[in-house]
Structure formats: structure tokens, C-alpha cells
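The next block holds one structure in the form of C-alpha cells; read it before the comments.
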Amino acid sequence: MVLEKLSETLRNTLSKVANALFVDEKLVNALVKEIQRALLQADVNVKLVFELSNKIKERALKQEPPAGLTKKEYLINIVYEELANFLGGEGHKIDVNKKPFKIMLCGLFGSGKTTTTAKLAKFFQKRGNKVAVIQTDTWRPAAYEQLKQLGSQINVDVFGIKNEKDPMKIYKTFEPELQKYNIVIIDTAGRDALSEDLIEELKQMYVLVNPDETMLVMSADIGQAAERQARAFHDTCHVTGVIITKLDGTAKGGGALIACAVTGAPVKFIGVGEKIDAFEEFKPKNFVGRLLGMGDLEALLEKAREAVTEEEAQDMGKKFLSGKFNLIDLYQQMETMSKMGSMGKLMEMIPGMNQLQLPKDMISVQEGKLKKWKFILDSCNKNELEDPENINNPRMSRIAKGSGTEVQEVSELLKQYRQAKKMTKMFGGSGSPKAMEKMMKRMGGKIPGLGNLQMK
Ligand code: GDP
Ligand code: MG
């Protein structure tokens, strides 16, 4: 796992939040302190750490959680969101929009350019591109052989001229042939430092190649120095993206990742091992998700993302009012309500319904019940779902067995369904707020099947 230590600390911190009794200022302060410590240990710039932690703190103390999320869940979500934003938010995809699409790599000695050339080639080849790589590093002995050998492992054409000293000449020699490929990746020479002659060489290559992307390759172990380096290379050859390599090998890789995120050149890929496959697109959200232990987090984030859309609510409202209503709809309805936390919000979203002035939080669906219902529905066949009246006693036992529930629970679900159905029939087409209000009054303020819908 990349940045194992950071990941472990963050996970521990978040599980403390999850286990806390309630969210208060003390908890938020403790959380923020631990996040600060974890990031500083991962070599993230002090100023940035404080900026980030202040933002988390401010949001955690000031913002109210959206419907459907508890304070604790929301707090964890804030940490996730802010960390992901910190690293570049959505991430930056490479748009291969011409042929050949030329990607030039640059970087210092040993940063991982040649290895990354092969990794990138494989990455694009896997996505259906015809890829060529060309070695223009005339400084490192055997650079051409190294790339040739890597290329043969992945079946990618490698161009280069052994013992040639002029990188420009190498490129010009093969330029016509390179036109046949979708993607051409150009490996270049490095130096120990960004010296005058490296700058000169890269500038000339940049003009000659006219690359569509210029990728700076940097090793994670340089930590915060990445920011300075990224800026320097950027001034030389318009870096459009950064590739951080060797993130597998250092506990301090956070420094490089975050330093780059603040330069104009975002991190687009990361190298996480020596093997050609040890390479991935850098997607800050996924990356942070993994750092925080996505397993447990996934459900929660899903929930946050799913804050019910207006459209969804309207669709459901229409179905409800039309009387066309089966078991699947019932389940979806309950699920949507549980997502929103209350039926009040649903009502607000259906045009006209807000005039009803229903009390908030009329309905709260128990999560446990919902889960059981899901199991039950999973055990029904299509015919039963669409027309629940087909579910007779033997079928009920079968469904109970299949879903690990009691016959009584299946029966209860059916009862709820029948009551809800009865109600939708009463609405039957006359779905005006007035009609609904009247009907609810007639029913003594209760809509059967949907819990206690108390009128004001
Ligand atoms: P160049 O001088 O910039 O071309 O660097 P190379 O591609 O020759 O790589 C230098 C060393 O770093 C080699 O030993 C590579 O195997 C190693 N290397 C490159 N990328 C990674 C990575 O993501 N993880 C690890 N662990 N090693 C890497
Ligand atoms: Mg090299």
C-alpha cells in the first residue's frame, strides 16, 4: 500500500470519530490535530497542512449535515472531500485528441523516466492505442538498450540509435515513421540537477517535438522539493503534468504529491513499483478513498452522493399518484425516504405538495427493516415483484427461506404493500394537494403502510 503509515494514522483517526458518542468541538479539535500530525509525518508542507486542517475544522463546526447524514458521517465526509480537493479534486485525464499524440517525458537522472516511458506505453496500449516509444537520451550509457528491453516485454515498437550523440538527430530520423502511431512517447536525458545544459537541451527538444503533453517525472522521495522542481521544469518546457514515481518506497511521498498539486502542473500518474504494471492514473478521490480505507467509507460516501435528486423525487411522486405501484416501487420509495431522512423533503420536491404543510420528519424508515425488505425482494421472482398478489402461502415460505427472514416478515411487507397500494388508488389520478389533504384527513391523519403520517 502506498503511504502506508499515513493511511494507517488517518484510518485510526477516523475510526475514533466513528466510535465517538457525539460530534462536538472537542472531537473536531482532536481529529484535526491527528490529521495534522499524520500529514506532517508524510512530509506535507506545514503551511498547507494548516490551511487544510483549518478548512476541515471550519466546515465541521459550522456546516449542518445534509438530510440523511448524521453529524459523524458528515464529519468523515468533510475530511474525505477536503483531502481529495487538496490533492487536485477530480483529477486530470489525458485527452488523446490527435494522431500522433506526442508525450515527452523529462526529469532528472534516476527519477524513473525510462521505466515510466514503458509504463505509459503499456497504459495507452491497453486502451487500444498503437504506441511507439523513442529514446533520445544520449547521456546515459545503454539508455537505448534499456528501453529496447522494456519495449520487448510489452510489445511496443522502440526507436533509437545506439551511440548517437545528438538527440535532435535521433528524433528527426524517425519522425516520418512515428506518424503511423496513435501515441508516441519520447524519453529524454536527465542530469543530476536542472543544469544549464539540460535546460538548453530540453528547450530545443520541446521546440522540435512540439509535444501535446510534457510530463515531468519525479521520484517521491524528494518530498517537498518537488514543488520547486516542478516550477523550474515548468518554466523550461511547459510541463503539463507530473508523474510521481517510487511512491511505493517512501513514507514521505505525501510531500511530493501535495507539493505538485499546488503548482500549475497536476499529478497525472503515479508509479508504485518497479514492474511495468505498477502504474496508475492519479485520481485524487480514489487515492484518498483508499488512504482512508474505502471499504468502510464507501457506503457512507455513496449515501452522501445520493442525496436524492429532484428528478428522482418527482418520478416517484408521479408513480405514487398514478396508482401504478408494485413491490419494487414500494421498496424504492422507502429507500429514497430513508436517504432523505424524512418524507417532508419528498413532499417539498413534488410540485404543489409543499402547500400541504406536512410536518417534517413524518417518516423515518428503519434501516434494519429496509435491509430485510431488500433481502425479501431479492428472493422474489420477477412475476412476484410485479404482481405481489401472486404470492401465496407456499411462496411466502419459499421467499422467507431464501431471504433468511421469517414468514411473518414477508407477510408484513405484503401487508404494507397492500395498504400503500390502497392509498395510491384513492389518489387515483386526482393527485392535487387538496385531494390528498382531504383524503389524509379522512384517514384520520394516517397513511397506512407508510408509517405515521401525522397531519398538523
Ligand atoms: P531515469 O534515469 O529517469 O530514466 O530512471 P529509470 O527509469 O532508469 O529508473 C531508475 C530506477 O528507479 C530503476 O531502478 C527503476 O526500476 C526504478 N523505478 C522507477 N519507477 C519506480 C517506481 O515507481 N517504484 C520503484 N520502486 N522503483 C522505480
Ligand atoms: Mg532513462
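Order of appearance sets the numbers: ligands from 1, and atoms from 1 within every ligand. As the structure is a prediction and not an experimental result, all values here were calculated from the model.
Counted within 6.0 Å of CZ on R127, heavy atoms from surrounding residues, nucleotides or ligands total more than 12; the atom is thus considered enclosed.
Taking CD of E34 as the reference point, atom CG of L14 lies at 9.5 Å (rounded to 0.5 Å).
In this structure, F269 has its ring center closer than 6.0 angstrom to the ring center of F123.
Side-chain atoms of D187 and T114 form a donor-acceptor pair, as typed in the model, at a separation below 3.5 Å.
For a heavy-atom separation below 4.0 Å, the residues in contact with ligand 1 are L108, F109, G110, S111, G112, K113, T114, T115, K119, R140, Q146, T245, K246, D248, G271, V272, G273, E274.
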Might you work through the side chain to side chain contact (heavy atoms under 4.5 Å, CB included) test for M104 and E213, ending with a clear yes or no?
-> CA-CA 6 Å; M104 188 171 110; E213 288 267 356; over 6 Å; no
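With S111 contributing its side chain and M218 its backbone, the two residues share no donor-acceptor pair below 3.5 Å. Under a 3.5 Å cut-off, the side chain of E177 and the backbone N or O of F174 do not form any donor-acceptor pair. In this structure a side-chain-to-backbone donor-acceptor pair under 3.5 Å is missing from E384 to I391. Looking only at distances, a side-chain donor or acceptor of K113 sits under 3.5 Å from a matching main-chain atom of G107.
Ordered by chain and number, T114 OG1 make up the set of protein N, O or S atoms under 2.8 Å of the Mg ion (ligand 2).
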